2 protein chains.
Amino acid sequence: MSTKADAPVRRAASDYRLEDQVGFLLRRAYQRASSNLVDRIGSYDLTAPQYATLARLYKRGALSQNLLGRLVAMEPANIRDVVLRLKKRRLVATRRDPTDKRLILIDLTTAGVALVEQLIPIEIECTATTLAPLKADQKRILYELLGRLAEG
Amino acid sequence: MSTKADAPVRRAASDYRLEDQVGFLLRRAYQRASSNLVDRIGSYDLTAPQYATLARLYKRGALSQNLLGRLVAMEPANIRDVVLRLKKRRLVATRRDPTDKRLILIDLTTAGVALVEQLIPIEIECTATTLAPLKADQKRILYELLGRLAEG
DNA sequence: GGCATATCGTTATGATCATAACAATAGATC
DNA sequence: GATCTATTGTTATGATCATAACGATATGCC
């Protein structure tokens with residue numbers, strides 16, 4: 001704890017504060033949200049990106065690996081690994097697209113569908129927990145602002 | 001691209017949307033912010049967490065590795081790796097605390113100080129870029145809300 | 001048909017991330 | 001002083017992340 005004040009104020013003063021940088025704030029807020037989620041669905045051995053992937057497939061049905069990746073904001077190389085892990089656990093199945101040999105179509109298995117339907121209410125509850133410090137109208141504003149940032 | 005509409009609406013309908021989950025929004029917003037930063041300081045071969053670490057040391061002076069990690073929101077195992085990389089590049093130096101043999105004190109080298117002072121204005125400019133889609137009062141509100149989320 | 005370009009998936013590399021288990025030291029308590 | 005507990009740093013494991021380079025397939029245009 002003791003920083004041992006052997007050098008008082010060695011750096012040139014500056015108005016700069018790390019806490020004022022959005023990136024840092026966003027990273028910490030995401031850490032919190034992610035931690036909340038893992039606390040709840042961790043017993044299912046699922047991570048946040050894995051859950052997002054399953055949820056996407058649940059809503060949209062079969063998707064090419066590449067498009068699936070874009071819809072969950074993951075690079076091709078990353079969505080590949082996630083799909084591999086989900087496939088190993090039989091939550092997802094793959095097949096080649098007959099009309100476009102480049103594509104790999106990903107879809108939920110029966111087990112995958114069952115799991116997602118079990119997790120969705122937990123996720124909703126978890127989002128509520130994360131947003132608990134905010135009032136209703138503040139939540140709405142936050143969504144609006146975050147959405148604008150993400151879209152750039 | 002073509003999803004090949006071979007299965008219309010196979011899942012039970014649900015009000016759930018992935019885009020409504022804060023975690024997902026925060027992750028995407030952080031991706032954007034991080035990408036903006038890397039676009040600008042990438043030529044220095046620095047990542048966002050590495051920059052944050054340097055910035056902390058710049059403001060606070062020498063810190064124990066553990067405390068440094070807490071101040072940049074990184075686990076002990078992770079801050080260790082970051083410090084090792086920065087140390088390898090001579091941006092940071094370490095020494096043992098004489099009064100508490102458990103502690104490793106981290107501090108910027110002369111080269112580290114020079115680099116931070118070069119990067120700070122870039123970071124500030126980068127934050128401005130990320131926040132460009134927002135009006136002044138919206139930025140203020142966003143900070144307020146994100147801060148509240150991060151603290152829990 | 002043939003060719004340039006674009007897209008898809010893979011591989012490799014390196015940097016975060018979180019978690020658990022562990023040895024060493026410090027501090028508190030008696 | 002001896003012992004119990006807390007903290008610090010390390011190691012190991014596994015999952016994201018981003019980036020670049022690459023072969024295979026589609027698509028556009030001529």
Side-chain angles (χ1 to χ4, degrees), chain A residues 1-3 23-24 26-28 30-39 41-53 63-70 72-89 94-106, chain B residues 1-4 23-24 26-28 30-39 41-43 45-53 63-70 72-89 94-106:
Chain A
M1 203 62 59
S2 63
T3 312
F24 187 69
L26 286 169
R27 176 161 151 274
R28 287 204 306 166
Y30 175 63
Q31 280 179 348
R32 167 77 53 162
S34 185
S35 158
N36 282 343
L37 183 59
V38 170
D39 284 349
I41 73 170
S43 56
Y44 294 90
D45 262 310
L46 273 189
T47 65
Q50 286 171 10
Y51 169 77
T53 302
L63 293 170
S64 81
Q65 183 172 285
N66 203 280
L67 177 56
L68 175 59
R70 283 198 296 275
V72 292
M74 298 184 66
E75 298 296 321
N78 303 328
I79 187 62
R80 173 184 172 273
D81 291 342
V82 172
V83 167
L84 279 181
R85 291 184 200 104
L86 295 176
K87 188 178 177 181
K88 187 179 299 180
R89 295 175 58 183
T94 65
R95 66 181 194 278
R96 302 214 74 106
D97 186 309
T99 67
D100 189 337
K101 293 180 189 172
R102 296 173 306 174
L103 306 186
I104 295 183
L105 297 180
I106 324 283
Chain B
M1 204 63 60
S2 61
T3 313
K4 189 168 192 305
F24 186 68
L26 287 170
R27 177 161 151 273
R28 287 205 306 165
Y30 175 63
Q31 280 180 348
R32 166 77 54 161
S34 185
S35 158
N36 282 343
L37 182 59
V38 170
D39 283 350
I41 73 171
S43 54
D45 261 310
L46 274 188
T47 65
Q50 286 171 9
Y51 169 76
T53 302
L63 293 169
S64 81
Q65 183 172 285
N66 202 278
L67 177 56
L68 174 59
R70 282 198 297 275
V72 293
M74 299 184 65
E75 298 294 323
N78 303 328
I79 187 62
R80 174 184 173 272
D81 290 342
V82 172
V83 167
L84 279 181
R85 291 185 201 103
L86 295 176
K87 188 178 177 181
K88 187 179 298 180
R89 295 174 58 182
T94 64
R95 67 180 194 276
R96 302 215 73 107
D97 187 311
T99 68
D100 188 337
K101 293 181 189 172
R102 295 173 305 174
L103 305 186
I104 295 183
L105 297 180
I106 325 283

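Bear in mind that the values here come from a model prediction, so they are computed numbers and not experimental data. Every chain is numbered from 1 and lettered A, B, ... according to where its sequence line falls, protein lines coming before strand lines.
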Return the value, rounded to whole Å, for the distance between atom CZ of B:Arg102 and atom P of C:dT25.
10 Å
NZ of A:Lys101 versus C1' of D:dT27: gap in Å, rounded?
15 Å
Figure out the CG/C1' separation between A:Leu67 and C:dA6, and round it to whole Å.
16 Å
Whole-Å distance, A:Leu105 CG to C:dC8 P, equals 12 Å
How close do A:Leu46 and A:Arg89 get, heavy atom to heavy atom, and via which atoms?
CD2-NH1, 3.6 Å
Give a yes-or-no answer on whether the side chains of A:Arg70 and A:Asn66 include a donor-acceptor pair shorter than 3.5 Å.
yes
Once base and sugar-phosphate atoms are separated, protein heavy atoms under 4.0 Å mark nucleotides 10-20 of chain D, 5' to 3', with B, S and - as BBB--SBBBB-
Rounding to a whole Å, what distance do you find between B:Asp97:CG and D:dG9:C1'?
13 Å
Please check this pair: side chain of A:Arg27 against backbone of B:Ala73, looking for a donor-acceptor N/O pair closer than 3.5 Å.
yes
Tell me: CG of A:Leu103 to P of D:dT25, nearest whole Å?
12 Å
N/O (side chain, A:Arg70) to phosphate O (OP1/OP2, C:dC8) under 4.0 Å
yes
Provide the closest heavy-atom pair for A:Leu26 versus B:Ala33 in the form atom of the first, atom of the second, distance.
CD1-CB, 4.0 Å
Between atom CG in B:Asp100 and atom P in D:dA6, what is the gap in whole Å?
17 Å
If we ignore hydrogens and angles and just use 3.5 Å, is the side chain of B:Arg96 paired with the main-chain N or O of B:Lys101 as donor and acceptor?
yes
Which residues satisfy the side chain to side chain donor-acceptor pair (under 3.5 Å) test with B:Tyr30, sequence neighbours excluded?
none
